[in-house]
Enquirer: 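After the structure tokens below, expect a handful of questions from me.
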Amino acid sequence: KHGFLPEQIRALGSIDLKKEEQGLLKLAESLDVGFCTFGAEELKKISTVSAASEFVRRITGVDNVCERAAKKMCPTGQLVQEKLCLEQCTIAIVSSKCVIEFEKKGGAE
């Protein structure tokens with residue numbers, strides 16, 4: 001939908017309750033990225049989300065896990081996909097620019 005390639009995914013994130021979730025661990029492994037988790041109190045520090053769920057709050061202690069985790073992992077990025085529910089899971093995407101600079105070392109110009 002957003003045109004991202006798998007190679008552009010830098011990390012996956014969620015709440016610490018999911019730290020041993022096999023599906024997420026396998027996905028991170030298949031993408032060769034890290035999987036970071038955060039406690040509910042840490043996620044609550046992210047102040048703005050597009051949608052809140054009382055059900056999610058009762059289960060996890062925070063009203064929206066996916067957007068908060070994505071923003072926590074990439075605080076200067078832009079939310080390009082708000083919370084989206086897909087077959088018993090939710091996803092949010094935060095994107096930021098990556099600039100690579102090469103330094104020329106010695107030798108001819």
Side-chain angles (χ1 to χ4, degrees):
K1 177 178 177 178
H2 296 287
F4 293 112
L5 299 172
E7 297 81 18
Q8 292 175 289
I9 299 171
R10 307 313 311 148
L12 303 178
S14 191
I15 194 161
D16 58 4
L17 297 171
K18 298 281 188 176
K19 67 183 173 196
E20 295 182 23
E21 179 77 33
Q22 288 303 304
L24 291 170
L25 293 169
K26 287 180 183 178
L27 178 59
E29 182 180 346
S30 73
L31 293 169
D32 194 26
V33 298
F35 175 48
C36 305
T37 60
F38 307 96
E41 292 305 314
E42 196 167 357
L43 292 175
K44 285 180 187 177
K45 293 176 184 175
I46 304 299
S47 60
T48 307
V49 292
S50 68
S53 166
E54 188 55 38
F55 172 76
V56 172
R57 184 190 327 268
R58 283 195 316 270
I59 301 298
T60 68
V62 66
D63 62 1
N64 179 316
V65 171
C66 62
E67 284 183 26
R68 291 177 190 275
K71 289 179 177 183
K72 180 74 178 163
M73 295 179 68
C74 188
T76 60
Q78 177 184 3
L79 183 66
V80 295
Q81 175 61 63
E82 294 179 345
K83 177 181 177 180
L84 177 65
C85 297
L86 303 165
E87 298 184 28
Q88 300 182 356
C89 69
T90 58
I91 183 174
I93 301 171
V94 172
S95 177
S96 69
K97 290 184 179 183
C98 178
V99 177
I100 300 173
E101 294 183 19
F102 295 94
E103 183 179 314
K104 195 177 218 181
K105 292 191 177 193
E109 292 190 28

Enquirer: Drop me the distance from Cys66's SG to Lys71's NZ, to the nearest 0.5 angstrom.
Expert: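 These two atoms lie 10.0 Å from each other.
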Enquirer: Determine the minimum heavy-atom distance between Ser14 and Phe35, stating which atoms define it.
Expert: CB-CE1, 4.0 Å
Enquirer: What residues form a salt bridge (charged side-chain N to carboxylate O under 4.0 Å, His left out) with Glu29, not counting sequence neighbours?
Expert: none
Enquirer: For the atom pair CD1 (Ile9) and CG (Asp32), what is the distance rounded to the nearest 0.5 Å?
Expert: 11.5 Å
Enquirer: Show your working on side-chain contact (heavy atoms from CB on, under 4.5 Å) between Val94 and Met73 and close with a plain yes or no.
Expert: CA-CA 9 Å; Val94 172; Met73 295 179 68; over 6 Å; no
Enquirer: So, do Val56 and Asn64 sit near enough that their side-chain heavy atoms are less than 4.5 Å apart?
Expert: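 Sidechains of Asn64 and Val56: no contact.
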Enquirer: Under 3.5 Å, sequence neighbours excluded: what are the donor-acceptor pairs made by side chains of residues 17-27?
Expert:
residue : atom : partner : partner atom : Å
Gln22   : NE2  : Glu20   : O            : 3.4

Enquirer: Give a yes or no on whether Gln8 atom CD has more than 12 heavy-atom contacts from other residues, nucleotides or ligands under 6.0 Å away.
Expert: yes
Enquirer: Are Phe4 and Leu86 connected in a single hydrophobic cluster, I mean Ile/Leu/Val/Met/Phe/Trp/Tyr linked by side-chain heavy atoms less than 4.5 Å apart?
Expert: yes
Enquirer: Decide yes or no for Ser53 and Lys83: does some side-chain heavy atom of the first lie under 4.5 Å from some side-chain heavy atom of the second?
Expert: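 Counting from C-beta outward, Ser53 and Lys83 do come under 4.5 Å.
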Enquirer: Measure across Thr90 and Cys85 and return the closest heavy-atom pair with its distance rounded to 0.1 Å.
Expert: CG2-SG, 3.7 Å
Enquirer: Indicate the atoms forming the closest heavy-atom contact of Ala92 with Ala70, along with that distance.
Expert: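 Closest heavy-atom pair between Ala92 and Ala70: O-CB, 4.0 Å.
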Enquirer: Applying side-chain contact (heavy atoms from CB on, under 4.5 Å) between Glu67 and each of Val49, Ile93, Thr48, report the one that passes.
Expert: Val49
Enquirer: Quick check for you: to the nearest 0.5 Å, what is the distance between Arg10 atom CZ and Cys74 atom SG?
Expert: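 Between Arg10 CZ and Cys74 SG, I get 11.5 Å after rounding to 0.5 Å.
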Enquirer: Which distance, rounded to the nearest 0.5 Å, do you find between the CD1 of Ile59 and the CD of Glu54?
Expert: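 The distance works out to 10.5 Å.
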Enquirer: Below 3.5 Å, can you tabulate the donor-acceptor pairs from side chains in residues 39-46 to any protein atom, sequence neighbours excluded?
Expert:
residue : atom : partner : partner atom : Å
Glu41   : OE2  : Lys44   : NZ           : 3.1
Glu42   : OE2  : Lys72   : NZ           : 3.3
Lys44   : NZ   : Gly61   : O            : 3.3

